[in-house]
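Order of listing sets the numbers, starting from 1, for every ligand and every atom in it. All values below come from the heavy atoms of this structure, side chains included, with hydrogens, waters and symmetry mates left out.
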Amino acid sequence: MRFCLNVDHIATLRNARGEVQPDPVTFALMAEQFGVDGIVVHLREDRRHINERDVRLLRELITTKLDLEMAAIDEIIDIACDIQPELATIVPERRQELTTEGGINVIDNIRQIKNAINRLHDAGIAVSLFVEPDINQIDAAAQINADYIEVHTGNYARAIGEEELFDELERVRVAAKHAKKLGLGVNAGHGLNYINMKEFVAITEIDEVSIGHSVIARALFVGLEQAIKEMRDLAKRK
Ligand code: PXP
């Protein structure tokens, strides 16, 4: 399973002082040296963490791959088409939320999302839709030519007790299998950490995980190299 690192939180820390350190671009370059398979950033409409300068520099400097999380709105689609990430992941976005709260409702927003996919495809960019582990949403994603889905793993990450954990993991497994059958690439993310990855890695249909908070938090204690090494080891299928 590939492991891509989301560096939004480094930008949050930088912006807390309104100055230039810690720099998420430098951090991303170090993360690449320590073996992550890609860098993920979310360019939000309100620019609360990552800004356009960060994305442009990342585009220029990283040598793995850039996954740009974004809302399906014209302003950000224009920037994505210009910057050319390897992957654009379309997420729902609400100004009031602390972080992305769940998958996008593809069915209810099909025209807007289809338009975004078409524009990104015209610019040569592969597109992933961040969705709940829900068969109908995945069918809709395939229908409008998404290349990948990213399964929202927040409910799995929040599950308490063996039964709930098993049920949520099973939902993700069934969704991932279904998406694979439809020919979609399958990524996953949100709330994955050093504990819940142990079971999660058994879902062989998942190609890639996108992880931010747990790895950045662990890096504070053990350093970035060690935090990345531990997560890489977990993501490896034995
Ligand atoms: N995937 C998506 C679409 C997200 O919005 C986020 C949160 O920024 C993540 C993955 C990573 O989540 P976490 O920071 O909980 O690892």
Side-chain angles (χ1 to χ4, degrees), residues 1-13 15 24 27-28 31 36-50 54-55 58 65-72 76 80 85-106 113 116 126-134 137-138 141 146-159 168 172 175-176 179 184-197 200-201 206-220 224 227-228 230-232 234-235:
M1 196 180 267
R2 294 189 301 271
F3 156 44
C4 295
L5 182 69
N6 180 311
V7 298
D8 292 349
H9 292 297
I10 303 302
T12 301
L13 196 55
N15 295 1
F27 196 87
V36 298
D37 296 302
I39 301 296
V40 189
V41 288
H42 184 175
L43 183 66
R44 281 182 169 266
E45 194 186 6
D46 63 11
R47 308 294 197 273
R48 69 172 71 159
H49 38 55
I50 292 293
D54 301 330
V55 186
L58 285 169
K65 72 169 211 185
L66 179 62
D67 175 359
L68 180 64
E69 289 181 13
M70 52 181 278
I76 307 289
E86 276 73 28
L87 184 66
T89 297
I90 296 181
V91 300
E93 203 172 291
R94 285 198 312 119
R95 278 191 176 238
Q96 303 84 343
E97 68 194 356
L98 285 177
T99 180
T100 312
E101 287 169 346
I104 196 162
N105 191 328
V106 185
I113 298 171
V127 183
S128 177
L129 303 184
F130 184 54
V131 294
E132 292 301 314
D134 176 309
Q137 295 290 341
I138 293 166
D147 305 287
Y148 295 78
I149 55 157
E150 179 180 331
V151 183
H152 176 232
T153 52
N155 290 332
Y156 167 64
R158 277 190 296 269
E168 292 299 339
V172 175
L184 292 159
V186 186
N187 300 337
H190 208 94
L192 293 174
N193 61 37
Y194 294 87
I195 295 167
N196 61 30
M197 270 293 282
F200 195 79
V201 76
I206 293 175
D207 305 313
E208 182 173 297
V209 285
S210 163
I211 306 180
H213 191 267
S214 62
V215 177
I216 304 291
R218 181 132 183 90
L220 292 176
L224 183 61
I228 287 174
E230 288 173 18
M231 190 53 84
R232 275 185 57 195
L234 281 170

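The nearest heavy-atom contact from the protein to atom 11 (C) of ligand 1 is Ser210 O, 3.7 Å. In terms of protein heavy-atom proximity, atom 6 (C) of ligand 1 is closest to His190 ND1, 3.6 Å.
Atoms of ligand 1 found under 4.0 Å from any heavy atom of Phe130, numbered from 1 in the order shown, are 3 (C). Taking every heavy atom of Asn6 and a limit of under 4.0 angstrom, the matching atoms of ligand 1 come to 8 (O). In the vicinity of Glu150, heavy-atom distances shorter than 4.0 Å reach the ligand 1 atoms 1 (N), 2 (C), 3 (C), 10 (C). Those atoms of ligand 1 that come under 4.0 Å of a heavy atom in Val91, given as number and element, are 3 (C). With ligand atoms numbered from 1 in the order given, ligand 1 contributes 12 (O), 13 (P), 15 (O), 16 (O) to contacts under 4.0 Å with heavy atoms of Gly191. Interface of Ile211 with ligand 1, defined as ligand atoms under 4.0 Å from a residue heavy atom, comprises 16 (O).
Residue-to-ligand polar distances keep Leu192 apart from ligand 1: every N/O pair is separated by 3.5 Å or more. Considering both main-chain and side-chain atoms, Gly212 comes within under 3.5 Å of ligand 1 through a nitrogen or oxygen pair. Residue contacts with ligand 1: Glu69 is placed with a nitrogen or oxygen under 3.5 Å of a nitrogen or oxygen of the ligand (distance criterion only). The shortest N or O to N or O distance between His213 and ligand 1 is below 3.5 Å.
The shortest distance between side-chain heavy atoms of Arg218 and Met231 does not fall below 4.5 Å. The shortest side-chain heavy-atom distance between Met70 and Leu43 does not fall under the 4.5 Å cut-off.
Counting heavy-atom neighbours within 6.0 Å of Leu98 CG, excluding the residue itself, gives a total of 12 or less. Counting non-hydrogen atoms of neighbouring residues, nucleotides and ligands closer than 6.0 angstrom, the CZ atom of Phe3 exceeds 12 such neighbours.
Salt-bridge formation is detected for the pair Arg48/Asp46: a Lys NZ or Arg NE/NH1/NH2 atom is positioned less than 4.0 Å from an Asp or Glu carboxylate oxygen.
Note that CG of Leu58 is 6.0 Å distant from CG of Leu66, once rounded to the nearest 0.5 Å.
Without hydrogens or angle criteria, Glu230 side chain to Tyr194 main chain gives no donor-acceptor distance under 3.5 Å.
Side-chain rings of His9 and His213 approach one another, their centers coming within less than 6.0 Å.
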